[in-house]
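Scroll down for the structure; my scribbles are underneath it.
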Amino acid sequence: MKKLFGLILLSFTTSLPSLAQHFVSVAGTASGDGSLGRPWDLQTALNHPTSVKPGDTIYLLAGRYFPPRRDTTMLAGFISYLRGTKDKPIVVTPFQRDRVIIDGANLPHPVDSDIESSAFGALGAYTDFVGLEITNSREGFRVSPIIRNSMRVKGVIQNAVGLRWINNIIHNTGEGLGVFSACQDCELYGNIIFYNGWSHTGVRGHGEGMYLQNSANERRVAHNIIFRQFDSGMIIYGTSNSEIDSFLIEGNVVFDNGSLNDEPNGKHYRIQRNYLYNSLDYRRSNNIDLGYQSGLDQVEFHHNYSVGYQAIRYNIPVTNLNSSHNTVVGGIGDVSRPQMEAGINNRIYSGQQKPTTGQIFIETNDYEKGRSHVIVYNWARKNSVTIPLDLIGLSLGQDFEVYDVQNLLSGPVFRSRYTDIHQLIDLPMDLTEVSLAIGDVPRAPVHTDREFGVFLIRAASGTTQTKTPTTDEKYTLEYSGDHVILRFSSHDFRKAYLLDLNGLPVGKLDFADGEVKIQKDMLPSGLYFLFLEKESHRSVVKIFIQ
């Protein structure tokens with residue numbers, strides 16, 4: 001008999017109202033008062049003027065912000081000293097979705113000075129940085145046989161408490177996000193990170209999308225898209241003085257770069273629902289490396305999908321590894337193979353033997369209603385694939401935009417509207433154009449072929465909400481004859497439906513008065529999503545049937 005297990009996840013939340021609003025512009029001044037008419041310059045706002053209180057929002061007007069030329073002993077251009085509280089973080093975000101670019105091009109590069117610097121440094125406490133674009137537009141300085149001549153100003157460095165980076169774009173810097181052990185209660189969510197790093201000619205590439213450490217509370221690294229760095233996409237790397245414990249890594253897309261690396265002796269990892277891709281003939285790096293040189297302990301590894309020449313490989317067995325429902329296409333190392341084969345419902349394919357059925361994954365955004373990442377493994381190599389819009393989190397009548405993340409800076413592929421008669425869209429899989437890399441890169445970026453694609457779908461208007469998601473919807477589960485019954489504490493759901501991993505409706509549900517009945521034998525083994533809609537939000541129950 002099949003068994004049914006449920007796990008509650010919430011997709012959408014509301015936010016606390018801001019206590020006050022302040023404004024920043026490229027032409028702002030230190031003598032301004034932070035009003036729309038007399039805005040501050042950015043560094044003045046980041047210095048935490050006395051009028052800024054916990055819970056306030058600082059809006060940045062459109063423009064390109066260059067950091068002040070600081071003394072070369074400073075490690076960053078702009079430096080945030082803002083201090084919110086855990087319940088009332090200060091929010092720094094563009095005004096009305098303006099394009100706000102923080103550009104480190106005018107900072108001293110290592111070839112000019114003896115230090116490595118970043119465009120933005122975050123100190124202070126409990127601040128949310130949302131929807132910014134951080135880059136380095138300086139040409140040259142990306143490849144050299146002399147490493148000091150090719151190093152590049154980095155993106156973001158932070159080492160404080162309660163900082164969250166949400167839905168930002170970070171590209172063409174020396175390193176995307178550097179978040180270290182002292183950054184407790186920090187979160188990295190929904191960021192799109194690409195083209196960071198530099199090349200030491202004849203040796204290797206340097207520069208990661210994310211460089212992470214942690215030493216206390218579990219750090220959430222989720223829903224990010226990280227591709228085409230010069231070195232690794234995400235590296236978790238410790239030293240004798242820097243710990244790498246307690247991470248939740250979920251819903252990330254990592255492709256055409258490196259791996260999830262770590263060292264030494266980290267423990268307490270939850271790695272789930274991550275999507276990785278490298279061409280099977282690209283032999284430089286591992287997609288997933290659990291342990292690197294010193295091993296890992298207490299790792300939960302579930303529902304990951306990895307494609308590559310070395311789809312998963314590590315040299316030291318993971319201690320206390322629980323793995324299930326992972327898909328591995330390509331190479332798998334001699335040490336990692338028996339551990340993966342011992343897992344529950346792990347599917348392993350050689351490079352010659354690929355899956356016959358494509359997979360489409362939709363990751364909705366916790367902080368912005370109507371925003372989702374769509375990941376497509378297109379094994380049939382179709383010119384387009386179809387997805388249902390009701391999984392994106394849009395409201396009927398709402399306009400939306402579809403972006404190819406590999407050509408993100410060129411704007412949307414198309415715009416449309418979600419209506420009763422327009423509930424499906426076709427995503428093109430034969431795209432070839434990519435965003436241009438800045439500087440003298442060794443090889444121009446090339447789009448993945450139609451076998452793999454990643455899209456950002458976003459409501460054409462709306463704001464990012466940064467309140468921590470609300471508590472889970474309460475329910476009880478009961479087996480009764482041929483049915484499983486889920487009873488919810490709330491009875492005001494208006495609609496319930498069950499979808500498979502490809503977003504297709506399956507089976508019929510009996511739904512009334514907060515109670516959902518599912519016939520146990522009507523579904524094959526696999527993962528399903530039960531959607532329950534209220535007027536103001538949607539709840540999603542993950543259902544595993546074995």
Side-chain angles (χ1 to χ4, degrees), residues 67 74-80 101-123 129 132-138 140-144 147-160 163 165 168-183 186 188 191-200 203-214 219 221 224-239 242 244 252 254-263 285 435 437-442 445:
M74 300 298 288
L75 294 179
F78 290 114
I79 300 178
S80 174
I101 304 171
I102 296 174
D103 192 337
N106 69 326
L107 294 175
H109 278 51
V111 71
D112 305 321
S113 63
D114 293 326
I115 66 165
E116 298 180 54
S117 59
S118 298
F120 199 98
L123 301 176
F129 301 96
L132 306 173
E133 181 178 342
I134 298 174
T135 189
N136 181 349
S137 64
R138 185 169 177 173
F141 297 101
R142 301 204 74 165
V143 55
S144 174
I147 190 169
R148 184 170 175 269
N149 291 350
S150 61
M151 295 172 69
R152 192 165 179 82
V153 169
K154 298 180 179 181
V156 176
I157 185 171
Q158 60 182 31
N159 214 15
L163 305 179
W165 287 84
N168 300 284
I169 300 171
I170 305 172
H171 63 95
N172 285 292
T173 73
E175 180 178 272
L177 279 166
V179 185
F180 302 105
S181 294
C183 194
C186 292
L188 309 176
N191 303 289
I192 301 178
I193 303 173
F194 56 97
Y195 297 176
N196 298 290
W198 67 92
S199 177
H200 186 187
V203 182
R204 68 179 184 91
H206 296 264
E208 296 79 24
M210 290 184 179
Y211 195 116
L212 307 176
Q213 296 169 346
N214 192 44
R219 176 169 297 159
V221 182
N224 303 285
I225 299 176
I226 308 170
F227 64 99
R228 297 199 184 104
Q229 322 310 317
F230 278 66
D231 195 8
S232 299
M234 183 191 304
I235 184 168
I236 303 171
Y237 194 94
T239 69
S242 302
I244 53 168
N252 300 288
V254 183
F255 67 96
D256 272 12
N257 42 207
S259 53
L260 307 177
N261 292 324
D262 53 294
E263 175 193 33
S285 66
S435 299
I438 298 172
D440 51 352
V441 297

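Numbers here are sequence positions counted from 1. Computed over heavy atoms, backbone and side chain alike; hydrogens, waters and symmetry mates excluded.
How far CG of Asn168 is from CD1 of Ile193: 8.5 Å, rounded to the nearest 0.5 Å. Rounded to the nearest 0.5 Å, atoms CD1 (Ile79) and OG (Ser118) are 10.0 Å apart. In this structure, Ile170 CD1 and Ile134 CD1 are separated by 5.0 Å, a value rounded to the nearest 0.5 Å. In this structure, Gln158 CD and Leu123 CG are separated by 9.5 Å, a value rounded to the nearest 0.5 Å.
Put simply, the side chain of Asn196 never gets that close to the backbone of Gly209: no donor and acceptor are under 3.5 Å apart. Proximity of a side-chain donor or acceptor of Gln229 to a complementary backbone N or O of Phe227 within less than 3.5 Å is detected. Using a distance-only test at 3.5 Å, with no hydrogens or angles considered, no donor-acceptor pair links the side chain of Asn136 to the main chain of Asp103.
Nearest heavy-atom pair, Ser435 versus Pro445, reported as atom, atom and distance to 0.1 Å: O-CG, 3.8 Å. Taking both residues in full, the closest heavy atoms of Ala160 and Cys186 are given as O-SG, 3.4 Å, listed atom of the first, atom of the second, then distance. The shortest non-hydrogen separation linking Gly155 to Thr173 is N-OG1, 3.3 Å. Scanning all heavy atoms of the two residues, the minimum distance from Pro67 to Gly77 falls at CB-CA, 3.4 Å.
Shown here are the side-chain hydrogen bond (donor to acceptor under 3.5 Å, both in side chains) partners of Arg228, two or more places apart in sequence or in another chain: Asp256, Gln406. Residues that satisfy the side-chain hydrogen bond (donor to acceptor under 3.5 Å, both in side chains) test with Ser80, not counting sequence neighbours, are absent from this structure. Contacts of Asn224 classified as side-chain hydrogen bond (donor to acceptor under 3.5 Å, both in side chains), with partners at least two apart in sequence or in another chain: Asn191, Asn252. Shown here are the ring-ring contact (aromatic ring centres under 6.0 Å, His included) partners of Phe120, two or more places apart in sequence or in another chain: Phe129, Trp165.
The shortest distance between side-chain heavy atoms of Arg138 and Ile438 does not fall below 4.5 Å. Taking the side chain as every heavy atom from C-beta outward, Val221 and Met210 approach each other to under 4.5 Å. Side-chain contact between Ile102 and Val156 is absent, with no heavy-atom pair separated by less than 4.5 Å.
Between Tyr195 and His171, a ring centre-to-centre spacing not shorter than 6.0 Å is recorded.
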side-chain contact (heavy atoms from CB on, under 4.5 Å) between Ile226 and Phe194, intermediate numbers included = CA-CA 6 Å; Ile226 308 170; Phe194 56 97; over 6 Å; no
